[in-house]
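Computed from heavy atoms alone, side chains included, the values below leave out hydrogens, waters and symmetry copies. Each residue takes its place number in the sequence, starting with 1.
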Amino acid sequence: LFFLKFGVAVFSTSMTVTASCIDSSLDILSSLIIFGTSWLVRTNDMRAFPGGKSKFEPLSLVVFATFMCTSALQLLLVSVQRLLVGGPGGEE
């Protein structure tokens with residue numbers, strides 16, 4: 001579904017389609033982050049990490065939240081620029 005949305009977003013000037021594509025990519029990214037974090041927590045070496053790796057889970061949430069905020073702010077910035085300047089798809 002992501003690849004279909006990406007293809008439509010490339011050929012379309014609609015910000016709605018672009019936002020939906022970004023949302024789908026963030027879903028995939030969140031799954032990868034959760035998978036990677038759970039794999040890191042399972043492989044526990046007590047000599048290298050005597051306190052355990054339980055702190056990786058909140059860290060992964062912070063990383064994903066950063067990606068989410070950055071993409072939302074970038075989408076907002078582009079939308080406002082298109083409204084003010086009259087970019088693609090808008091009337092000038």
Same cluster (ILVMFWY, side-chain, under 4.5 Å), [X] and [Y]:
X	Y	result
L29	L59	no
L32	F64	no
I22	M15	yes

Check your understanding: Distance from F56 atom CZ to L40 atom CG, nearest 0.5 Å?
Key ->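 The CG atom of L40 is 6.0 Å from CZ of F56, to the nearest 0.5 Å.
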Practice item. Working to the nearest 0.5 Å, report the span between CD1 of I28 and CD1 of I33. Key: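 The CD1 atom of I33 is 12.5 Å from CD1 of I28, to the nearest 0.5 Å.
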Check your understanding: Taking T16 as the fixed residue, which of S20, S14, S12 is the one that meets the side-chain contact (heavy atoms from CB on, under 4.5 Å) rule?
Key ->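 For T16, the side-chain contact (heavy atoms from CB on, under 4.5 Å) check succeeds only for S14.
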Review point. Hey, what else clusters with I34 if you join Ile, Leu, Val, Met, Phe, Trp, Tyr whenever side-chain heavy atoms sit under 4.5 Å?
Key: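 Members other than I34 - counting any ILVMFWY side chain reachable under 4.5 Å - there are none.
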Review point. Looking at residues at least two apart in the chain, or sitting in another chain, which of them share a side chain to side chain donor-acceptor pair (under 3.5 Å) with T18?
Key: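 Result, side chain to side chain donor-acceptor pair (under 3.5 Å) vs T18: none returned.
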Review point. Does F6 CZ have over 12 foreign heavy atoms under 6.0 Å away?
Key: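 No, the 6.0 Å shell around CZ holds no more than 12 heavy atoms from other groups.
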Check your understanding: Does any pair with a residue in residues 21-34 pass side chain to side chain donor-acceptor pair (under 3.5 Å), and if so which ones, sequence neighbours excluded?
Key ->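 For residues 21-34, and leaving out neighbouring residues, the side chain to side chain donor-acceptor pair (under 3.5 Å) pairs sorted by first residue read K5-S24.
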Show me the side-chain donor-acceptor pairs of residues 66-77 shorter than 3.5 Å, one per line, residues at least two apart or across chains.
from : atom 1 : to  : atom 2 : distance (Å)
T66  : OG1    : V62 : O      : 2.8
T70  : OG1    : T66 : O      : 2.7
S71  : OG     : F67 : O      : 3.2
S71  : OG     : M68 : O      : 2.9

